[in-house]
Amino acid sequence: QEWKNTFATWDPRDFCNISKIILPTNTYWSPPIFILERVNGQNSNLDYVVIMHNGSFNFTQPFQVTLTCSLMILKFPFDTQTCNLSIASFLYPAVTDLVMKTRRSPAEMMKDSQGYFLTDGEWKFTNLSIIEYLEQMDDEQFSVVTYVISMQRRPTLYILNLILPTCALYLLDMAVLFGPSSLEEKISFQIAIILGSSMLAVILNNILPTSSNKPPIIGTH
């Protein structure tokens with residue numbers, strides 16, 4: 001966070017060329033902001049702000065946060081999810097008191113985010129965009145900055161453990177059904193395939209994500 005306070009300025013030549021100081025955040029006013037989608041989180045203990053001689057305040061605080069996000073899993077495991085991280089301050093109206101702006105462009109934020117996203121797990125970070133707008137509440141408008149985060153699921157694990165075994169069972173079922181085997185052999189093969197399909201259905205039930213919207217296409221066949 002960066003903001004200016006015209007009442008906290010001084011001439012460095014009058015104070016041994018000191019151009020900046022570091023003070024606790026509760027020493028001066030700081031803009032209170034909220035993350036609208038936040039469910040849980042853990043803040044750091046770095047409650048200090050850097051004050052420049054021209055009245056510029058710089059406050060940096062890393063923290064971890066858990067957000068709510070609506071998932072669309074119809075195309076699972078080839079789905080792409082979009083989650084919002086909205087930052088706002090509903091204590092000061094944007095028209096008279098507080099307007100929030102992003103200092104860096106979406107391309108710069110995207111580059112930094114890819115540097116922070118070092119995990120090689122299930123999700124792949126694909127895009128980041130920024131939306132600045134005014135939220136109407138009652139008779140006042142408040143400044144909101146929303147970061148739209150796009151993540152793409154890596155489907156390799158699900159292809160190997162789910163899609164390929166399912167296709168193999170279907171192909172085996174067709175081969176036995178139209179093969180030259182006797183009726184008794186076909187029945188025994190069909191029973192074995194049904195048991196295999198049942199076990200695969202149990203695994204599928206544990207793998208598929210739960211959601212209140214449309215179920216995945218792979219789970220309806």
Side-chain angles (χ1 to χ4, degrees), residues 1-70 81-119 121 123-152:
Q1 294 177 270
E2 290 186 2
W3 68 94
K4 276 201 172 185
N5 186 342
T6 56
F7 297 100
T9 61
W10 69 90
D11 189 349
R13 293 175 297 181
D14 298 335
F15 298 94
C16 302
N17 291 325
I18 297 176
S19 60
K20 69 176 182 179
I21 57 176
I22 301 176
L23 295 175
T25 54
N26 56 8
T27 305
Y28 284 92
W29 174 89
S30 60
I33 62 172
F34 312 95
I35 299 178
L36 304 185
E37 297 85 2
R38 178 170 178 169
V39 175
N40 194 5
Q42 182 178 1
N43 294 2
S44 66
N45 295 323
L46 300 177
D47 295 330
Y48 291 90
V49 60
V50 178
I51 307 174
M52 304 299 295
H53 69 279
N54 58 358
S56 177
F57 283 62
N58 190 313
F59 175 54
T60 302
Q61 185 183 50
F63 60 92
Q64 294 179 340
V65 61
T66 302
L67 307 176
T68 58
C69 185
S70 178
Q81 304 296 339
T82 301
C83 295
N84 294 341
L85 192 154
S86 301
I87 300 176
S89 179
F90 293 119
L91 299 180
Y92 301 96
V95 178
T96 58
D97 296 336
L98 179 62
V99 177
M100 294 195 303
K101 295 291 183 179
T102 55
R103 184 181 63 178
R104 289 177 290 181
S105 64
E108 293 173 336
M109 293 290 294
M110 178 72 180
K111 183 178 179 180
D112 292 342
S113 300
Q114 287 178 336
Y116 293 135
F117 195 82
L118 300 178
T119 180
W123 294 96
K124 177 183 178 182
F125 180 76
T126 57
N127 190 35
L128 173 66
S129 58
I130 303 174
I131 304 174
E132 299 177 357
Y133 62 97
L134 296 179
E135 180 74 19
Q136 182 74 33
M137 292 186 64
D138 296 332
D139 296 331
E140 295 181 319
Q141 291 182 330
F142 299 90
S143 181
V144 181
V145 176
T146 299
Y147 297 88
V148 183
I149 305 168
S150 298
M151 308 286 289
Q152 184 178 10

Quick one: does [X]'s side chain get under 4.5 Å of [Y]'s, heavy atoms only?
{"X": "I21", "Y": "F15", "answer": "no"}
{"X": "F125", "Y": "I149", "answer": "yes"}
{"X": "M109", "Y": "T102", "answer": "no"}
{"X": "E37", "Y": "N84", "answer": "yes"}
{"X": "N54", "Y": "K4", "answer": "yes"}
{"X": "N5", "Y": "F57", "answer": "yes"}
{"X": "K101", "Y": "E132", "answer": "yes"}

Subject >> Residue pair E2 / S56, side-chain donor-acceptor N/O under 3.5 Å >> reply: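 No donor-acceptor contact under 3.5 Å links the two side chains.
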What's the spacing between [X] [atom1] and [Y] [atom2] if we round to 0.5 Å?
{"X": "S105", "Y": "M110", "atom1": "OG", "atom2": "CE", "value": "12.0 Å"}
{"X": "N58", "Y": "I22", "atom1": "CG", "atom2": "CD1", "value": "10.0 Å"}
{"X": "K124", "Y": "M151", "atom1": "NZ", "atom2": "CE", "value": "11.0 Å"}
{"X": "H53", "Y": "I51", "atom1": "NE2", "atom2": "CD1", "value": "13.0 Å"}
{"X": "F142", "Y": "E140", "atom1": "CZ", "atom2": "CD", "value": "4.5 Å"}
{"X": "K20", "Y": "W10", "atom1": "NZ", "atom2": "CH2", "value": "10.5 Å"}

**OP:** Tell me, yes or no, whether the heavy-atom count around Y133 atom OH, taken from other residues, nucleotides or ligands under 6.0 Å, exceeds 12.
**Re:**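 Yes - once you tally the heavy atoms of other residues, nucleotides and ligands closer than 6.0 Å, there are more than 12.
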Original post:
So does Q64 have more than 12 non-hydrogen atoms from other groups sitting under 6.0 Å from CD?
Top reply: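 Incorrect, the count does not exceed 12.
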Minimum heavy-atom distance between [X] and [Y], given as atom pair plus value:
{"X": "Q1", "Y": "I33", "result": "NE2-CG2, 3.9 Å"}
{"X": "Y28", "Y": "A8", "result": "CE2-CB, 3.9 Å"}
{"X": "R104", "Y": "E108", "result": "CB-OE1, 3.2 Å"}
{"X": "V49", "Y": "P24", "result": "CG1-O, 4.0 Å"}
{"X": "L134", "Y": "A94", "result": "CD2-CB, 3.6 Å"}
{"X": "F90", "Y": "A88", "result": "CZ-CB, 3.8 Å"}

Original post:
Between L67, I35, L36, V148, which is the residue that forms a side chain to side chain contact (heavy atoms under 4.5 Å, CB included) with S86?
Top reply: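 When side chain to side chain contact (heavy atoms under 4.5 Å, CB included) is applied between S86 and each of L67, I35, L36, V148, only L36 qualifies.
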Original post:
Side chain of S89, backbone of P32: donor and acceptor closer than 3.5 Å?
Top reply: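 Yes, the answer is positive, given that a donor and an acceptor are paired below the 3.5 Å cut-off.
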**OP:** Before giving the answer on ring pair (Phe, Tyr, Trp, His ring centres under 6.0 Å), spell out for W3 and Y92 the whole-Å C-alpha distance, their side-chain angles and the decisive distance to 0.1 Å.
**Re:** CA-CA 14 Å; W3 68 94; Y92 301 96; over 10 Å; no
Subject >> Partners meeting side chain to side chain contact (heavy atoms under 4.5 Å, CB included) with C69 (sequence neighbours left out) >> reply: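 C69 satisfies side chain to side chain contact (heavy atoms under 4.5 Å, CB included) with L71, C83 once adjacent residues are dropped.
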**OP:** Would you please test I87 and Y147 for side chain to side chain contact (heavy atoms under 4.5 Å, CB included) and show each step?
**Re:** CA-CA 8 Å; I87 300 176; Y147 297 88; 3.8 Å; yes
